[in-house]
Engineer: 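Following this message is one structure expressed as structure tokens.
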Protein chains: 2
Amino acid sequence: MVIRDVALARHATGVAVTVDLVIFTIRDDRLQVLLVERGKQPFLGMSALPGGYVRDGETLDRTAMRELNEETGLDGRRLHLEQLKAYGDPGRDPRGRVITVAYLALVPNLSAPVAGTDARAARWVPVESVDFDELAFDHAMILREALERARSRLEYTTIATAFCTEPFSISDLRRVYEVVWGFPLDPSNFRRKVTGAEHFLIATGQRSTPEIGRPAALYRRGSAQLLFPPLMRSG
Amino acid sequence: MVIRDVALARHATGVAVTVDLVIFTIRDDRLQVLLVERGKQPFLGMSALPGGYVRDGETLDRTAMRELNEETGLDGRRLHLEQLKAYGDPGRDPRGRVITVAYLALVPNLSAPVAGTDARAARWVPVESVDFDELAFDHAMILREALERARSRLEYTTIATAFCTEPFSISDLRRVYEVVWGFPLDPSNFRRKVTGAEHFLIATGQRSTPEIGRPAALYRRGSAQLLFPPLMRSG
DNA sequence: GTACTATAGGTCATCTTGACTATAAGTACG
DNA sequence: CGTACTTATAGTCAAGATGACCTATAGTAC
């Protein structure tokens with residue numbers, strides 16, 4: 001896009017805009033985040049959040065969806081993707097003024113091990129294993145704020161289901177909460193909560209066939225976006 | 001700041017970054033937002049949110065505080081200022097690619113009628129009187145999302161006090177909730193809630209001297225940032 | 001059959017909430 | 001002074017939500 005305004009052009013020089021993604025999933029009963037290894041300076045060899053430049057004529061949301069698809073192969077329409085925050089401290093990129101818009105993505109467990117069309121080495125890392133001091137740019141701060149956002153979102157919204165592949169059991173959903181929040185929940189009280197919330201879960205009539213234990217009823221995501229009453233961490 | 005990286009420079013051309021402010025206050029028992037009249041194209045003569053370009057070497061938060069000070073004369077440290085979201089749709093500014101980072105500010109009722117160092121005509125407009133179709137750029141969307149954010153923040157945080165000048169009574173605080181949410185609250189139940197929350201209010205020992213009615217005990221803001229249990233709208 | 005495991009459903013005391021009533025502390029006015 | 005009026009503060013009570021349990025159910029392994 002061409003800048004046609006003189007006053008604007010004066011301010012437009014030397015600013016780049018990127019989108020960075022915090023992609024969470026649950027694998028092996030642990031919350032994991034997708035990190036890439038930087039193949040060039042700056043921060044060569046360090047870990048970073050996947051991301052890229054906003055293209056001409058592309059919305060920020062569209063950039064985020066494209067990046068997510070490039071990294072995970074997932075179709076962005078079926079999963080949770082929300083803008084987190086913009087980060088633009090002048091010193092955050094040594095190459096110049098780069099403002100990044102961070103997005104939070106919650107995806108179900110991917111069977112394929114994240115090949116991606118991109119050549120960069122991407123890998124899932126358990127959040128508790130991430131060395132925050134070894135993250136490039138200001139990605140430690142972004143990851144920390146994304147983690148708190150995800151934990152908070154589970155309280156008031158139904159997005160925990162974004163981690164699950166349909167159909168899922170109530171225990172599957174409870175394990176999402178336990179893994180993201182980091183402490184166990186009472187199975188019975190949890191069931192009462194989520195089945196009591198309107199339009200949260202839709203019973204499919206199907207049952208799971210586990211190797212051990214009683215089969216569980218299976219559900220699909222309901223239409224509700226907000227969870228009322230909320231399911232709070234503390235109290 | 002000079003762009004020293006070739007790949008970066010290729011993406012950095014033609015993008016401008018601004019900060020726009022949604023500044024709310026309560027005047028005459030109504031929620032009001034500060035709007036400026038545009039003195040030049042595009043959107044000449046229409047209303048817009050106050051805002052401006054991010055300067056070299058300036059953080060986004062700093063830009064927001066500077067703009068807020070220019071518009072209201074208020075010292076940004078004493079009041080509530082939080083980042084809302086970035087807006088970057090390619091068509092949002094006809095002059096070219098402009099990404100804006102919107103901030104939400106909640107300020108107490110200003111006695112001085114917003115002169116500001118800026119020459120633009122700034123004025124407080126009751127939110128219910130705003131003609132959303134007559135707002136420049138995508139500011140209608142930004143204002144709508146800011147309004148919902150403010151309403152939601154009152155549920156889970158203590159920021160309602162940002163609208164009050166200290167010391168304030170519990171009724172002052174209640175009126176904030178009623179004005180922002182748009183419906184009345186039971187005075188007795190409201191009192192029970194806010195006095196029950198830890199570190200929300202600090203009693204000063206002072207009492208108000210109203211022209212009519214019983215004097216009210218006066219309070220200052222406590223140290224709590226989060227309100228627990230929350231004070232929900234619905235239910 | 002019994003042991004084991006995880007799901008599903010129920011109990012109950014405690015806490016929270018919403019609606020409502022009652023009292024208190026000031027002013028205005030006669 | 002006393003009554004009306006206004007707002008603040010306090011208390012009551014039933015209904016609902018919550019946390020900590022306990023019990024039953026439906027499968028597998030042996």
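Values below: every heavy atom of this structure, side chains too, minus hydrogens, waters and symmetry copies. Lettering of chains follows the sequences in order, A, B, ..., and the numbering in each one begins at 1.
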Engineer: Is a salt bridge present between B/E178 and B/R174, judged by a nitrogen-to-oxygen distance below 4.0 Å?
Structural biologist: yes
Engineer: Go through the steps to decide whether B/V127 and B/L147 satisfy the test side chain to side chain contact (heavy atoms under 4.5 Å, CB included), and finish with yes or no.
Structural biologist: CA-CA 9 Å; B/V127 168; B/L147 188 56; 3.8 Å; yes
Engineer: Between A/R38 and A/E134, is there a side-chain N and carboxylate O pair less than 4.0 Å apart?
Structural biologist: no
Engineer: Any salt bridge between A/E70 and A/R66, counting N to O under 4.0 Å?
Structural biologist: yes
Engineer: Take the protein atom CG of A/D186 and the nucleotide atom C1' of C/dC12, then report the distance between them rounded to whole Å.
Structural biologist: 14 Å
Engineer: Taking CE from B/M232 and P from D/dG16, how many angstroms apart are they, rounded to a whole number?
Structural biologist: 18 Å
Engineer: Measure CD/B/E198 against P/C/dC15 and give the value in whole Å, please.
Structural biologist: 15 Å
Engineer: Could you give the CZ-to-P distance, from A/R233 to D/dG19, as a whole number of Å?
Structural biologist: 14 Å
Engineer: Is A/K193 close enough to D/dA17 that one of its side-chain N or O atoms is under 4.0 Å from OP1 or OP2 there?
Structural biologist: no
Engineer: Tell me, yes or no, whether the heavy-atom count around A/R149 atom CZ, taken from other residues, nucleotides or ligands under 6.0 Å, exceeds 12.
Structural biologist: yes
Engineer: Quick check, are the ring centers of B/Y219 and B/F168 under 6.0 angstrom apart?
Structural biologist: no
Engineer: Send over the distance from B/L231 CG to C/dG18 C1', rounded to a whole Å.
Structural biologist: 12 Å
Engineer: How would you summarise protein contacts on nucleotides 22-30 of chain C per nucleotide, using B for base, S for sugar-phosphate only and - for none, with heavy-atom distances below 4.0 Å?
Structural biologist: --BBSS---
Engineer: Taking atom types as they are modelled, would you say the side chain of B/R192 forms a donor-acceptor pair with the base of C/dG18 within the 3.5 Å cutoff?
Structural biologist: yes
Engineer: Please figure out whether A/A216 or A/N189 has its closest DNA chain C nucleotide nearer the 5' end.
Structural biologist: A/A216
Engineer: Does B/R174 have a side-chain nitrogen or oxygen under 4.0 Å from the phosphate oxygens OP1 or OP2 of D/dT7?
Structural biologist: no
Engineer: Taking everything shown except A/E166 itself, do over 12 heavy atoms lie less than 6.0 Å from its CD?
Structural biologist: yes
Engineer: Expressed as a whole number of angstroms, how long is the span from A/L173:CG to C/dA6:P?
Structural biologist: 18 Å
Engineer: Rounding to a whole Å, what distance do you find between A/F168:CZ and C/dT7:P?
Structural biologist: 14 Å
Engineer: Can you find a donor-acceptor pair, distance only, under 3.5 Å between B/S188 side chain and D/dA10 base?
Structural biologist: yes
Engineer: When the distance from CZ of A/F190 to P of D/dA17 is rounded to whole Å, what number comes out?
Structural biologist: 17 Å
